[in-house]
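Written out below as C-alpha cells is the structure these notes cover.
Just so it is clear, the structure is predicted and the values come from calculations on it, not from any experiment.
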Amino acid sequence: MENYLVMENVTKIYNNGIIANDKVNFSARKGEIHAICGENGAGKTTLMKMLFGIEQPDEGRIIIKGKDMHLNSPMDAIKAGIGMVHQHFMQVPTLTVAENVTLGIEPTNGIVFDMDKAIKMTTECCEKYGFEINPKAHVQDLSVGVKQKVEIVKALVKGCEILILDEPTAVLTPQETKELFVQLKNLRDSGCTIIFISHKLNEVKELCDRVTVIKKGKTIGVWNIKDVTEADISRYMVGVDVDLDIPKKPAEPKENVLVVKDLTVYNEAGKKKVDDVSFSVRKGEIVGIAGVEGNGQREMIDAITGLSKYSYGSITLMGKEVKDMDIKGLRTNGLVHIPEDRNLYGCARSMSIRDNMIADKITDPKYNNGLFINEKAIKEDTDKWIDEFGVLCDDGDQLVGMLSGGNVQKVVVAREFTSHSELVVCDQPTRGIDVGAAEFVRERMVQMRDQGKAILLISADLAEIMSLSDSLIVMHGGKINAFFKDVKSLTEEDLGFYMLGVKHMSEDEIRGALHE
Amino acid sequence: MGVITEIINTISRVVVLPTFYYMIIMSAAPILLAALACAIALKANAINMGTEGIMTMSALVAVLVSSSVGGQAKGGPWLGLVAAIIVGAFLGFLVSVFAFRLKIDIILVGIAMNLICTGASVFLMYVLTGDRTTTTSLSSGTLPQVAIPLIKDIPIIGEILSGHYILTYVAYILVFVMSFLLFKTKLGLRIRAVGENEDAAESVGISSLHIKTIALIISGALGGLAGVFMSECYLAYFSSGLIAGRGFVGLAACNMGSGNPGIIALCCLAFGIFYGFSNFATLSNLSIYALNALPYAVVLVGVVIYSVYTRNKELKRLQGLESEENLEYSQPAK
C-alpha cells in the first residue's frame, strides 16, 4: 500500500540545545491505525507538534500524498487534512457543541453566525461516522468521554484525513475506551489514517495495525502489530525487558504509623465523598488503595495529606491527631507526599531542580544558619541526589519546567524520599512517566519500605498496585469495599469485581484493614 | 432616628418628580457606555482597566476639537465626537500593543493608562487654555437633545423618556448592538472563544492576538463615546475630575453582568438611581457629601452581593455535574 504520509529525516533541536528529534523517519498508510510508542521525552510529542504545524522542523521533509509540505501553523496542517486531538481538550466550555465544532470555519450569513448551518454540519458529521452527540449541548455539561468525541468530530468536520490522538485513553473509563476503539476502527475503515500515541501497550496491541517505536529522539523501527508482542514493544522502547515482578521480600510490619478511623469527608459542594473509612498503615509495609477514579480516594488522600479538611472521624499520624496541623506540621511529624499532579502540587516549574529539591529542607540548620543560605551544602547534596535518582539534566540549575515528565517526577521523588519521613504517601507515582523511570520509582518505594517506612500507595495501574502492595484496600462509593491482607493470591479479574462494586466483602473482613 | 426620618422624607420628596427618572436614565448612560466598553474586552479576556483614562482623554479631545473648529455653530461637537472615538480606539489599540505585543500585564497597562491620561489631560488643558481646572473659557458646545415625536406629548412619560441627549439614546441602543455582536456574529463567537480558551481558538487557526486587538479597539472607541458624553452632554466643558470614577463604576457593572449587555444595562440603571439622588441634594437636609458618595458605596455593596451569588451558582453547577457523573458510575459496568 502507498504511504500517505511520510516524515523523512526530521530533526528538531530546541533553543536550549536539546535534540528532541534526530533524523526521525515515520510513515503512515491510508486507512491504518498507526501507534507511536516511546518513553516520555523520547520525542513523540515533538514529532506530532511538527506534523500539526505547532513546531517547525530544522531539517527533513514532511510529505503528504507525495507533496512536500511546509506546515507553519496549525491552520496549514488543518488545510493539509491533519487533525489533532490534544491530551487537554481544546474546547470552549460555555459554547455549544456545534459552536465548538465549527469554530474557525464558522458558517455565516453575512456577518451573522449561522447556528442552524453549524448544527447541520455537526449532525451530518456525527451521523456519517456514527457518533452520538447533541449539537446543542453546552460542552461544560458533557462527560469527559463525550468531550473527546466532540474533539474528534471537530477534526473530522474540517475534512481531516489524518487524525492524531495524543494519549486519548488516559482520561477515559474502561467502557469509554472500548467505545472509542470501536469508533476509531470505523474511522479507519472509512479511509482515515489514525496516529495513536499511547503508553498502554495492551491498547496499542488491541487497536493498532502497525507500531513505530521512538527512543531518545531516534526511530527504532516499524513493525506490523501482529508480528510483535507487548513485551517486544516495551523492550524496543527501553532496551530492557520491563519486569513488573519487583523483587521484594515479604513485609515485616511493625507498629502503626497512620491510623484512619471512621473518616467521613464532604466535598465543597456538600456531598459525602468518603464514608466512614477505617484503616491503618504500619511501619515496613506498603498498603495499596485501588478503586475506579471518583470513588473517594482523591478526597481521602487530600484529608490525610492536609490538602483539605475532613468533617468526622480521626486521622492520627505517629499517634498525633492531624486535624489542626498545617502542612509544615504534618511534614515535621513525618509525612511525605508524592502528589498526583506533579506539575501543580509536586514542583515549582519555573524554579531550578536544586531549589525544588531543597524546598522542604531549607529550614534545616544544615542549609540555613538563620540569616544566610548555605549554598555550598545545598549544591553538594542536590548534586548527590540528582546523581542518585538519575535525573537527566544539564545541571542542578536547570529549570524543572524544561524536563520531561519522568524526570520531573524523579525530582519530586528525590525531594520527598530524602526528607525526614515516617509515612510516604505516593499518589499515582508513575502515571504518565516512562517505563524506566516508573521502574526506578517502584524500586525506591520497596527500598523505603525495607528501611522501615510506612507507605500508602494509590495507583490506577493495576499491575503496579498488585505487585507493589503488601496489603490492599479497594474503595467503592466512598467506602472500603474490600481488604486483602495478602495480595499474592489476588487475581486482576477479582480485583476488578471489587473495584466496580460487583462483589462486596463482609464488614468483618474489611475491619482487618485497621490494626489495633 | 432623625437621619432615618430625613432619608425617608428625601426619598418621598424625590421619587414623585419626573425629572428624577429623567436623571436616572441620563446618569446611567455614561456608565453604560463605559460598561459596554469593558464588556467586549472582558469577553475577549483582555480586561480593559484603562477605560477611566480613555474616557478622560477623549472627553478633553472632544472639547478641544469642537472649540477649535468653531464650537456649536460650526458643528464642532460632532467633529469632537468623531475625534474622541478615534482617540479612544487608538488608546484601546495602545493597550493591546503593550499588553500582547510587549507582554506587559494588562492590569498594569490599564492602571498606567489611567494615570497617564489623567495627568496628560490636565497638562494639555493648561498648555492650550491656560486653565488648570476647566475648559469653560472655550466654547465647545453640546450635542443636540432629541425630542421623540408622539412620546414627547405623553404626560410624565414624555418628560422622562423624551428630550435626552442623542448619546443617551445611542447608549441604550448599543446594548442591543453589543448583544448582537457578541452572541450572533462570527466575530462575537471568536471573541468569546478566545476569551474563554485561547488555546482552543489558536488550535483551529484563530489568531487570539488579532481578536483581542479588535476587541480592545472597539472597547476604546466605546470608552471614547462615554468620554464625549461627559464633556458634551453631561456638561458643556471638560474639567479635571470630570469622569469621577465612572469608568471604574462601568467596570464594576460589567463584571456584575459577566459581560452580558442586558444585565449590565440593569446594573447601570440601578447605579443610576443613586447618581440620580445625588442630583437632588438641594431638596434634602442630608449631607451633600454623603449623597455624592452614595453611588460608589452602592457599587461596592453590589459587587460583594454579586460575587457571593456567582460563587453559589458555580457550586450548584458543580453539584449538578457530580450527580450526573454518579449516575454514570452507578450503571452496572460489565
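With a 4.5 Å cut-off on non-hydrogen atoms, A:F52 touches chain B through its side chain but not through its backbone. In this structure, no portion of B:F183 lies under 4.5 Å from any heavy atom of chain A. Of the two parts of A:I111, the backbone and the side chain both hold a non-hydrogen atom closer than 4.5 Å to a non-hydrogen atom of chain B. Using a 4.5 Å cut-off between heavy atoms, A:P107 does not touch chain B at all.
Taken from CD1 in A:I105 to NZ in B:K186, the straight-line distance is 10.5 Å, to the nearest 0.5 Å. Rounding to the nearest 0.5 Å gives a distance of 11.0 Å between CG of A:D114 and NZ of B:K184. How far CG of B:N197 is from CE of A:M90: 7.0 Å, rounded to the nearest 0.5 Å.
Chain B forms more heavy-atom pairs under 4.5 Å with one residue of A:T108, A:N100, A:L103 than with any other, namely A:L103. Taking chain A as the reference chain and counting heavy-atom pairs below 4.5 Å, the highest number among B:E202, B:E196, B:E198 is found for B:E196. Among B:D199, B:L189, B:I206, the residue with the largest count of heavy-atom pairs under 4.5 Å with chain A is B:L189. Highest contact tally toward chain B, considering only A:K79, A:H86, A:H88, A:E99, is held by A:E99 [criterion: heavy-atom pairs under 4.5 Å].
A:P74 and B:S203 make their closest contact through CB-O, 4.0 Å (heavy atoms, listed as atom of the first residue, atom of the second, distance). Nearest approach of B:V204 to A:M75, heavy atoms of both residues: O-SD, 3.4 Å. Heavy-atom minimum distance, B:A200 versus A:V92: CB-CG2, 4.2 Å. Of all heavy-atom pairs between A:L95 and B:R192, the closest is CD2-NH1, 3.5 Å.
B:F180 places a side-chain heavy atom less than 4.5 Å from the side chain of A:V112.
No more than 12 heavy-atom neighbours from other residues, nucleotides or ligands sit within 6.0 angstrom of CZ on B:F90. The 12-atom threshold is exceeded at OH of A:Y310, counting heavy atoms of other residues, nucleotides or ligands nearer than 6.0 Å. With a 6.0 Å radius and a threshold of 12 heavy atoms from other residues, nucleotides or ligands, A:K136 has its NZ atom at or below the threshold. In the displayed structure, A:K147 atom NZ is contacted under 6.0 Å by more than 12 heavy atoms of other residues, nucleotides or ligands. Within 6.0 Å of OH in B:Y309 there are 12 or fewer heavy atoms belonging to other residues, nucleotides or ligands.
Listed for the B:R190 side chain is a donor-acceptor partner under 3.5 Å among the backbone atoms of A:G104.
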